[in-house]
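Here the structure is laid out as structure tokens; the discussion comes afterwards.
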Amino acid sequence: MAAMARKLTSLRGSQIIVALALVFLLVLAVMAVTGDLMAPMNAARQSLRARLMPPGFEGRQGIHWLGTDSVGRDILSLIVAGARPAILVSGFAVALAALFGVSLGMFAGYRGGRMGGLLLYITNIQLAFPFFLLAVTIVGIMRPSIPLVVFVIALGCWVPFARISYSETMQVVEQEYIEAVRVMRGGTARILLRHVLPNILPNILVLATFALGTAIVMESGLSFVGLGVPTKTPTWGRMLSEGRDYISTAWWLTFFPGLAIFLLVLSINVCGERLRDITDPKQAGKQ
Amino acid sequence: MQVFLRQAILGILVVLSALTLTFILVRLSGDPTSIILPQDATEAQRALLREQLGLNQSLVTQFLSYLGNAVTGDFGKSYFDSESVTSIVMRHLPNTLVLAGASLAIACLFALPLGVMAAVWRDGPVDRFVQVAAVIGASMPSFWVGLLLIQVFAVGLNLFPTYGTGSAAHLALPALTLAIYAFPSLARLTRSSMLEVLPQSYVMAARAKGMPESRVISRTVLRNGMVPVLTLLALEIGNLIGGAVLTETVFAWEGIGRLAITSIQRRDFPVVQGVVAYVAVGFVIVTFLAEVAIRFVNPRLRHK
């Protein structure tokens with residue numbers, strides 16, 4: 001009984017956490033869509049008299065709940081404005097990575113043999129190199145732009161998509177119903193899209209959730225070293241690197257933008273864990 | 001033997017792709033003479049420099065001579081000071097190795113025992129802690145962790161210097177940052193590979209013949225469960241080098257990660273190429289050694 005009760009309460013606890021994570025993600029998604037509209041103040045507005053003010057400081061525009069930065073901009077409003085680049089860039093990157101990885105993986109899994117071996121070999125080559133160094137090299141030499149940053153982050157995320165869809169497709173195409181479609185002269189595209197893809201989609205979704213978290217960390221990391229997407233108001237990563245110079249006097253400059261990244265990625269990962277438990281009950285609680 | 005051969009070919013391909021990629025990127029990025037020479041340099045000066053750098057040869061010739069030089073460890077000189085790239089990289093490399101080694105040691109010190117305990121007492125308090133810590137740790141960007149540690153231990157408690165390279169005190173915070181970065185995957189994998197070994201029949205056999213539980217865990221379970229962890233450790237070192245780029249930037253630690261960033265910022269391309277190439281070579285060697293180590297730990301794999 002005691003064990004069951006504990007299990008029940010822990011389940012409820014984890015459900016509350018998942019619900020919180022979903023709410024947080026929803027709020028951030030709205031911020032990403034509406035952009036500046038949600039911000040309590042004009043994020044771009046500087047004020048020489050309100051520089052480096054601590055959280056709760058009351059300025060001309062109202063109360064700066066999270067303080068102001070080195071040129072007097074409202075930190076909370078900057079964080080709200082920064083949700084858009086963080087989410088859009090990573091979202092597009094993951095979509096691109098999934099599209100590329102899954103199509104390549106499915107095709108290789110369907111053909112099997114040499115194609116599959118080649119794909120695995122290519123992914124091995126990429127995995128055998130610290131990707132972030134590669135990312136800063138590519139973006140740094142070519143100079144940062146939105147498409148380039150999206151492309152590079154996608155390059156850093158496609159491997160798991162390709163590997164999973166490769167191995168899953170190989171299993172699916174052995175099934176008899178695929179054979180039946182083939183007998184009825186269903187083409188490769190039809191088999192892959194109508195019969196293989198729906199089978200592997202749940203796993204791809206789980207993977208995409210975790211990849212989104214990775215992509216956000218990568219994007220903010222690139223921004224932190226000055227190689228992120230160019231935006232009018234600083235991205236979260238750039239806020240951290242600008243705040244680094246004031247770390248001994250103004251902790252809020254680095255604390256809050258980092259907290260935003262952390263909570264966003266944490267929410268995504270929590271949802272990802274839950275999603276994995278739902279799609280694959282056998283794996284539940286295993287990892 | 002065949003495995004080693006395959007690994008060696010893979011390694012060569014990794015290094016070759018790294019070299020090719022950086023060569024193409026640098027060639028695509030424009031005329032290096034505009035970086036090296038002052039803006040008011042005459043066209044004659046530029047032409048002379050192009051001649052010296054071999055830029056007016058065909059791309060294929062340039063690429064081949066670049067590869068040829070790279071094989072002998074010659075990546076040319078920095079655009080800004082006349083020091084050779086290899087000696088610049090070698091000057092920064094020890095710092096990164098110290099940092100990576102220290103953080104890996106700290107991470108293992110916590111992740112391995114905690115991962116084993118989490119598996120042995122599954123669903124117990126240690127297990128819960130490891131699971132929660134792993135999810136939280138995996139969600140924190142390493143550079144933010146670094147900044148938080150600076151805030152608490154350097155600015156607040158004044159225990160360590162804020163940034164810089166040199167003493168052990170300087171090493172503490174960046175090493176801790178990278179260790180936190182490496183902890184989640186290491187603890188999780190240790191746990192899950194232990195969980196896979198625990199229900200095996202040979203573990204039951206060891207228990208059945210009366211072997212004390214501590215010995216069952218330390219000899220039978222650990223030895224078998226450690227194989228995937230060793231494989232991960234090799235990958236983890238690469239991950240650490242990637243993470244070191246950010247951590248070294250946060251702490252102004254004079255390693256090759258920071259060298260890469262500063263060289264990229266001032267567009268000192270030969271140094272960037274050198275860093276990428278040396279990291280590729282280093283990582284290939286580490287992966288290879290890991291393959292050997294795995295066969296040493298697990299004799300069953302030797303004949304496969």
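Computation of the quantities below employed the complete heavy-atom set of this structure, encompassing side-chain atoms and omitting hydrogens, waters and symmetry-equivalent molecules. In what follows, chains are A, B, ... by sequence order, proteins preceding strands, each numbered from 1.
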Query raised in the report: Quick check: are there more than 12 heavy atoms from other residues, nucleotides or ligands sitting under 6.0 Å from CZ of A:Phe262?
Result: yes
Query raised in the report: Just one of A:Val270, A:Ile268, A:Asn269 clears the side-chain contact (heavy atoms from CB on, under 4.5 Å) bar with B:Ser139, so which one?
Result: A:Asn269
Query raised in the report: Rounded to the nearest 0.5 Å, how far does CZ of B:Arg6 lie from OH of A:Tyr121?
Result: 8.0 Å
Query raised in the report: Is chain A contacted by the side chain of B:Val130, its backbone, both, or neither, given a heavy-atom distance below 4.5 Å?
Result: neither
Report task. Sort A:Ile216 into side chain, backbone, both or neither according to what part of it lies under 4.5 angstrom from a heavy atom of chain B. Result -> neither
Report task. Compare every heavy atom of B:Phe143 with every heavy atom of A:Val217, then report the nearest pair and how far apart it is. Result -> O-CE2, 4.4 Å
Query raised in the report: So which part of A:Leu259 gets closer than 4.5 Å to some heavy atom of chain B, the side chain, the backbone, both or neither?
Result: both
Requested in this report: Evaluate the side-chain proximity of B:Leu21 to A:Ile138: yes if any heavy-atom separation is below 4.5 Å, no if none is.
Outcome: yes
Query raised in the report: Heavy atoms, side chains only, cut-off 4.5 Å: are A:Pro130 and B:Val279 in contact?
Result: yes
Query - Residue part contacting chain A, namely of B:Ala280, when any heavy atom lies under 4.5 Å - result: both
Report summary line: Comparing B:Ile264, B:Ile150, B:Val275, B:Val135 against chain A, the one with the most heavy-atom pairs below 4.5 Å turns out to be B:Ile264
Query - B:Phe288 atom CZ: more than 12 heavy-atom contacts under 6.0 Å - result: yes
Report task. Under 4.5 Å heavy-atom distance to chain A, tell me which part of B:Ile9 shows up: side chain, backbone, both or neither. Result -> both
Query raised in the report: Where does B:Val26 contact chain A at under 4.5 Å (heavy atoms): side chain, backbone, both or neither?
Result: both
Query raised in the report: Taking B:Val245, B:Val284, B:Leu25, B:Leu28 one by one, which has the highest count of heavy-atom pairs under 4.5 Å against chain A?
Result: B:Leu25
Report task. Name the member of B:Leu240, B:Val145, B:Val250 that forms the most heavy-atom pairs with chain A at distances under 4.5 Å. Result -> B:Val250
Query raised in the report: How many angstroms lie between atom OG1 of A:Thr254 and atom CG of B:Leu148, to the nearest 0.5 angstrom?
Result: 7.0 Å
Report summary line: What one should report as the nearest heavy-atom pair of B:Ser17 and A:Ile125 is OG-CG2, 3.7 Å
Query raised in the report: Which atoms form the tightest heavy-atom contact between A:Phe224 and B:Leu246, and what is the distance?
Result: CD2-CD2, 3.8 Å
**Report entry** Interchain contact, A:Phe131 with chain B, by part (heavy-atom threshold 4.5 Å)
**Finding:** neither
Query raised in the report: Can you say whether B:Leu10 sits under 4.5 Å from chain A via the side chain, the backbone, both, or neither, judging by heavy atoms?
Result: both
Report task. Kindly say whether B:Leu147 contributes a backbone atom to a donor-acceptor pair with the side chain of A:Arg244 at under 3.5 angstrom? Result -> no
**Report entry** Check: A:Phe255 main-chain N/O paired with B:Trp144 side-chain donor or acceptor under 3.5 Å
**Finding:** yes
Query - Min side-chain heavy-atom separation A:Arg143-B:Arg267 under 4.5 Å - result: yes
Query - Side chains of A:Phe129 and B:Val276 in contact at under 4.5 Å (non-hydrogen atoms) - result: yes
Query - Under 4.5 Å from a heavy atom of chain A, the part of B:Gln273 involved - result: neither
Query raised in the report: What part of B:Ala119 gets closer than 4.5 Å to chain A, counting heavy atoms only: side chain, backbone, both or neither?
Result: neither
